[in-house]
Amino acid sequence: MAERPVADAIEAAEVVLPCPELDRTLAFFTERLGFRVAAISPADSPAVAVIVGHGLRVRLDRAAEGSPGLLRLLCRDPAAIAGGVTELLAPNGTRVALAPANPPLSLPPLRPSFVLTRPSEGAWTSGRAGMLYRDLVPDRQGGRVIASHIRIEDGGPVPDYVHYHRVRFQMIYCVRGWVRVVYEDQGPPFVLAAGDAALQPPEIRHRVLECSPGLEVIEVSSPAEHETRADLALELPTKECRPARLFGGQRFIRHEARAAAFGPWRVAGFEARDLGIAAATDGLADARVARRGPGPGGEAQLLETRSTEIRFDFVLAGSARLEVEGRAPEPIAPGTAFVVPAGLAHGLADASPDFELLEVECR
């Protein structure tokens, strides 16, 4: 007979806290913190009390052994609860930390630096939902930005869930393969194919459904350290389709390469297609794909970065030479990523006819 999965038999879960001071501890949790009594025994001389509240079920047990533990309560305004105190101590010794439920985003000061990473540099690490990550900007420019090369080796359904990111900016660009995704208020699921991109505005709910074998995408986010939260209540797709809805002041954008047109780029001999990021973020960020244009080109083109704080580039195809003021020339090829600080003269030279580059700017 097959063994029944443990999860199928579970009806509830409890955190057990040793509690020699049951009466005073029970009063602390119910009267001070708003928990409610779910069970107590024996009635004539209680030794165990089960309390519930704030999404938690706690068993206070006189006979239990071990550490009294730490509980973390997420509050709208922690300072208003205990007069500015951020931690309370229950009579049984349990520490109760009072933390903000939605702390403001922390945007560290920019520490600009020249960065160049090659495909052979940096290990692939296991991330969430079976995804592999390669860090393209290891110093994160002081924590201001993170750029990740993400791949999924096996095709088929992706073990993802409805989630969102607490960011000020995030976009993805499909480098290789395809991925089927669904976004809050953006209609039915759709496929991002190679060359396509999406702006994921702050806290838009979304889910990765399935992908081709060997999927590769580039994800650029700010700030570098940010929280990914699951939304266990929302089902996607949502009933309404509201493409003009704003999330944190930004619109969702889906860029399809097959329908995009190339136009002049700032570098002679090259052309670019705009991914629509600047318009959707009200100028906070910008992104484009640049390539060698028809006719002669590929000679060195020196330029200075604009006033944008960060400009990230990722080579999609072909080869070229990156020339940066004060540095030896660097050959670049597919999978190479680089960041050049604002105001530092740099340029491209000897670009092959098939050279193509993803460029993302963030202010």
Notebook entry, point to check: At their closest point, which heavy atom of L107 faces which heavy atom of P223, and how far apart are they?
Noted result: CD1-CB, 4.1 Å
Note to self: Could you check whether any side-chain heavy atom of Q186 comes within less than 4.5 Å of a side-chain heavy atom of P237, counting everything from C-beta outward?
What the structure shows: no
Note to self: Is a donor from one side chain sitting under 3.5 angstrom from an acceptor on the other, for Y183 and Q200?
What the structure shows: yes
Item checked: Separation between CG of L56 and CD1 of I51, rounded to the nearest 0.5 Å -> 8.0 Å
Next item on the list: Write down the atom of P341, the atom of S113, and the distance for their closest heavy-atom approach.
Entry: CG-C, 3.5 Å
Next item on the list: Mind listing the closest non-hydrogen atom pair of N92 and P68 along with its distance?
Entry: O-CB, 3.5 Å
Checklist line | Check: R229 and H163 side chains under 4.5 Å, non-hydrogen atoms | finding: no
Notebook entry, point to check: Does any non-hydrogen side-chain atom of D135 lie less than 4.5 Å from one of R140?
Noted result: yes
Checklist line | Flag if over 12 foreign heavy atoms under 6.0 Å of CG, D282 | finding: no
Check: Are the side chains of E210 and W178 in touch, meaning some heavy atoms are under 4.5 Å apart?
Finding: yes
Next item on the list: Measure across R207 and L236 and return the closest heavy-atom pair with its distance rounded to 0.1 Å.
Entry: N-CD1, 4.2 Å
Checklist line | F35 ring center within less than 6.0 Å of H54 ring center | finding: yes
Next item on the list: Identify the two heavy atoms, one from P329 and one from E323, that lie closest to each other, and give their separation to 0.1 Å.
Entry: CB-CG, 4.3 Å
Note to self: One thing to verify: whether D160 and R128 come together as a salt bridge, which I'm taking to mean a side-chain N less than 4.0 angstrom from a carboxylate O.
What the structure shows: yes
Checklist line | Q170 and V220, any side-chain heavy atoms less than 4.5 Å apart | finding: no
Next item on the list: Before accepting this row, confirm whether a basic side-chain N of the pair R327/E325 lies closer than 4.0 Å to the acidic partner's carboxylate O.
Entry: no
Check: Between F355 and F270, how do the two ring planes meet: parallel, tilted or perpendicular, split at 30° and 60°?
Finding: perpendicular
Next item on the list: Test H165 against every option in E227, H206, E219 by the side chain to side chain donor-acceptor pair (under 3.5 Å) rule and name the one that passes.
Entry: H206
Check: What is the distance from atom CG of L316 to atom CD1 of I218, rounded to the nearest 0.5 Å?
Finding: 7.5 Å
Next item on the list: Would you mind checking if D286 and R363 are paired as a salt bridge, meaning a charged N to carboxylate O distance below 4.0 Å?
Entry: no
Next item on the list: Identify whether NZ of Lys or CZ of Arg in R242 sits under 6.0 Å from the centre of the six-membered ring of F252 and within 45° of that ring's axis.
Entry: no
Check: Less than 4.0 Å between a side-chain N and a carboxylate O, is that true for R205 and D231?
Finding: yes
Note to self: Closer than 4.0 angstrom, basic N to acidic O: yes or no for D185 and R245?
What the structure shows: yes
Next item on the list: State, with a plain yes or no, whether a side-chain heavy atom of V289 is found less than 4.5 Å away from one of E356.
Entry: yes
Check: For the rings on H149 and F314, is their centre-to-centre separation under 6.0 Å?
Finding: yes
Margin query: Assess whether a salt bridge exists between E225 and R166, defined as any Lys/Arg side-chain N lying under 4.0 Å from an Asp/Glu carboxylate O.
Written below: no
Margin query: Looking at every heavy atom in both I146 and H226, which two are closest together, and how far apart are they?
Written below: CG2-CE1, 4.2 Å
Item checked: For I253, side-chain contact (heavy atoms from CB on, under 4.5 Å) partners two or more places apart -> L199, R251, A280
Next item on the list: Give a yes or no on whether L89 and L73 share a hydrophobic cluster (residues Ile, Leu, Val, Met, Phe, Trp, Tyr; joining criterion: side-chain heavy atoms under 4.5 Å apart).
Entry: no
Note to self: Hydrophobic clustering (ILVMFWY, side-chain heavy atoms < 4.5 Å, transitive) - are I204 and V217 grouped together?
What the structure shows: yes
Next item on the list: Please tell me if the side chains of R95 and L88 come closer than 4.5 Å, counting only heavy atoms from C-beta onward.
Entry: no
Item checked: Carboxylate-amine/guanidinium contact E359 R266, below 4.0 Å -> yes
Checklist line | Side-chain touch R76/N102, heavy atoms, less than 4.5 angstrom | finding: no
Next item on the list: With rounding to the nearest 0.5 Å, note down the distance linking CG in L209 to CZ in R180.
Entry: 5.0 Å
